[in-house]
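A quick write-up on the structure given underneath.
In this text, all values refer to a predicted model and were calculated from it rather than measured experimentally. Numbers here are sequence positions counted from 1.
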Amino acid sequence: MPVPAAVRVLVLGGTTEARRLAESLAGDRSVRVTTSLAGRVAAPRLPPGEVRVGGFGGPEGLAAWMREHDVDALVDATHPFAAAMSRNAAEAAALAHVPLLALRRPGWVAQDGDHWHSTGSLAEAAGLLPALGERVFLTTGRMGLAAFAGAGLDALWFLVRSVDAPEPPGPARMAVLLDRGPFTLEGERELLRRHRIDVLVTKDSGGDATAPKLTAAREAGIPVVVVRRPPVPEGVPVAATPDEAAEWVRRF
């Protein structure tokens with residue numbers, strides 16, 4: 001009997017969940033996985049299987065690539081804040097008639113003792129800061145620092161943590177800490193203490209790798225400005241874990 005062709009899956013990656021999905025499917029001969037990385041990180045952690053780096057040229061380019069490579073299923077496992085890529089994925093899936101699944105880790109949930117201020121954007125987050133503190137731990141990544149470069153924030157000092165060095169514009173007074181999670185609770189406690197941080201800014205990216213900063217802030221009584229994540233495009237089903245996404249893929 002002829003052997004069925006392997007299911008071709010394209011994973012839009014760059015997250016821990018995307019890498020774990022590729023790892024879960026790597027040993028399955030019935031599935032052939034290609035992970036696409038945007039190329040914004042200088043030294044990304046590569047998943048198993050095939051890897052491509054770089055953009056597609058918008059939804060039309062992504063749809064054309066999927067047609068050319070006979071993709072059977074598309075998994076959007078990009079960062080929860082990669083809204084433009086998620087929109088492109090939804091449009092491309094519709095153009096190419098390819099099933100689409102969004103893999104999204106659950107967001108963080110405030111606990112007793114937390115002092116969270118929820119905002120819809122980095123600009124809104126920046127506007128809250130003068131009333132909350134003077135020494136800011138900014139953990140929103142290297143993109144979007146221009147939102148914190150306004151003259152009204154010149155009196156504040158920022159500790160900016162990111163994987164790669166940020167480019168200007170950025171806060172007038174800042175120090176840059178190049179580091180990559182996961183982070184430990186003890187390390188986050190020491191960082192807040194050493195830099196005398198009195199307000200934390202983060203995106204609701206969810207997951208365990210960067211969550212210890214929230215616990216450290218809670219223990220220290222430090223307010224946290226949390227930028228809400230954008231919604232998944234309407235009509236796109238969502239898996240919360242790599243295992244759920246792997247089960248979805250294996251149904252093809």
Practice prompt. List the atom of F148, the atom of V201, and the distance in Å for their closest heavy-atom pair.
Written response: CZ-CG1, 4.3 Å

Fill in: Side chain proximity check, W116 to W108, heavy atoms < 4.5 angstrom
yes

Discussion item. Does E190, at its CD atom, have more than 12 non-hydrogen atoms belonging to other residues, nucleotides or ligands within less than 6.0 Å?
Written reply: yes

Worksheet item: Looking only at heavy atoms, which two atoms of A246 and L25 are closest? And how far apart?
Response: CB-CD2, 4.0 Å

Fill in: For the student: nearest non-hydrogen atoms of A89 and L62, plus distance
CA-CD2, 3.9 Å

Item to complete: Find the distance between CZ (R32) and CD (E50) and round it off to the nearest 0.5 Å.
Response: 4.0 Å

Worksheet item: From S205 OG over to R105 CZ, what is the distance, rounded to the nearest 0.5 angstrom?
Response: 5.5 Å

Item to complete: Please report the C-alpha distance between V225 and T202 in whole Å, then the side-chain angles of each, then the deciding distance to 0.1 Å, and finally whether the side-chain contact (heavy atoms from CB on, under 4.5 Å) criterion is met.
Response: CA-CA 6 Å; V225 180; T202 185; over 6 Å; no

Practice prompt. Kindly work out whether a path of hydrophobic side-chain contacts (I/L/V/M/F/W/Y, heavy atoms less than 4.5 Å apart) joins L101 to V33.
Written response: yes

Worksheet item: Using a distance-only test with no angle check, is there a side-chain donor-acceptor pair under 3.5 angstrom linking E124 and T119?
Response: no

Worksheet entry | Gap between atom CG of N88 and atom CD of E60 - 0.5 Å precision | 8.0 Å

Discussion item. Side-chain heavy atoms nearer than 4.5 Å, only ILVMFWY residues, links allowed to pass through others: does that put V232 and L10 together?
Written reply: yes

Worksheet item: Say you draw a straight line from CE of M85 to OG1 of T78; how long is it, rounded to the nearest 0.5 Å?
Response: 7.0 Å

Discussion item. Is there a path of hydrophobic side-chain contacts, each under 4.5 Å between heavy atoms of I/L/V/M/F/W/Y residues, joining L159 to V224?
Written reply: yes

Practice prompt. Find out whether W65 and V71 are in side-chain contact, i.e. whether some heavy atom of one side chain is under 4.5 Å from a heavy atom of the other.
Written response: yes

Discussion item. Under a 4.0 Å threshold between the charged nitrogen and the carboxylate oxygen, would E23 count as salt-bridged to R20?
Written reply: no

Worksheet entry | Test item: E244 side-chain N/O and A240 main-chain N/O as donor-acceptor pair under 3.5 Å | yes

Worksheet item: If two hydrophobic side chains count as joined below 4.5 Å and joins carry through other members, does L132 share a cluster with V160?
Response: yes

Discussion item. Tell me whether the count of non-hydrogen atoms from other residues, nucleotides or ligands lying under 6.0 Å of CZ in R194 goes above 12.
Written reply: yes

Practice prompt. Kindly indicate whether the side chain of L103, heavy atoms from C-beta on, has any atom under 4.5 Å from the side chain of W248.
Written response: no

Worksheet item: Strictly by modelled atom types, are S30 and D28 linked by a side-chain donor-acceptor pair under 3.5 Å?
Response: yes

Worksheet item: Which atom pair, heavy atoms only, marks the closest approach of H195 to R135?
Response: O-NE, 2.7 Å

Worksheet item: Hey, does the Lys NZ or Arg CZ of R180 hover above the aromatic six-ring of F183, less than 6.0 Å from the centre and inside 45° of the axis?
Response: no

Discussion item. Nearest 0.5 angstrom please: R87 CZ to E234 CD, how far?
Written reply: 14.0 Å

Discussion item. Quick one: does any side-chain atom of D198 pair with a main-chain N or O of E134 as donor and acceptor, under 3.5 Å?
Written reply: yes

Discussion item. Distance check, rounded to the nearest 0.5 Å: L145 atom CG versus L122 atom CG?
Written reply: 8.5 Å

Worksheet entry | Heavy-atom closest contact (L95 atom, A63 atom, distance) | CB-CB, 3.9 Å

Discussion item. I'd like to know if R104 and E17 make a salt bridge, using a cut-off of under 4.0 Å between side-chain N and carboxylate O.
Written reply: no

Discussion item. Under the criterion side-chain contact (heavy atoms from CB on, under 4.5 Å), I'd like the reasoning laid out for L178 against V163: C-alpha separation, chi angles, the key distance, then a yes or no.
Written reply: CA-CA 5 Å; L178 299 183; V163 175; over 6 Å; no

Worksheet entry | Worked verdict on R189 versus E186 for salt bridge (charged side-chain N to carboxylate O under 4.0 Å, His left out) | CA-CA 5 Å; R189 287 168 174 159; E186 186 55 40; 3.4 Å; yes

Worksheet item: Taking the side chain as C-beta and beyond, is there a heavy-atom pair between T34 and V11 under 4.5 Å?
Response: no

Worksheet item: Hey, is the main chain of L46 close enough, under 3.5 Å, to the side chain of R19 for a donor-acceptor pair?
Response: no

Practice prompt. Quick one: closest heavy-atom pair of S86 and D76, and the distance?
Written response: OG-OD2, 2.7 Å

Worksheet item: Going by heavy atoms in the side chains, are I222 and L192 under 4.5 Å from each other?
Response: yes

Worksheet item: Taking side chain as C-beta onward, heavy atoms only, is L153 less than 4.5 Å from P171?
Response: no

Worksheet entry | T139 and R161: CA distance, side-chain angles, deciding distance, side chain to side chain donor-acceptor pair (under 3.5 Å) verdict | CA-CA 5 Å; T139 65; R161 182 166 68 190; 5.6 Å; no

Practice prompt. Please check if the side chain of T15 supplies one atom and the backbone of A77 the other of a donor-acceptor pair under 3.5 Å.
Written response: yes

Discussion item. Quick check on the hydrophobic clustering: are L128 and V227 connected, directly or via other members, by side-chain heavy-atom contacts under 4.5 Å?
Written reply: yes

Worksheet entry | R67 atom CZ, over 12 foreign heavy atoms within 6.0 Å | yes

Worksheet entry | W157 vs V136 side-chain heavy atoms within contact, under 4.5 Å | no

Fill in: Non-hydrogen side-chain atoms of V9 and D72 separated by less than 4.5 Å
no

Item to complete: Verify, without hydrogens or angle tests, whether R229 (side chain) and F81 (backbone) share a donor-acceptor contact under 3.5 angstrom.
Response: no

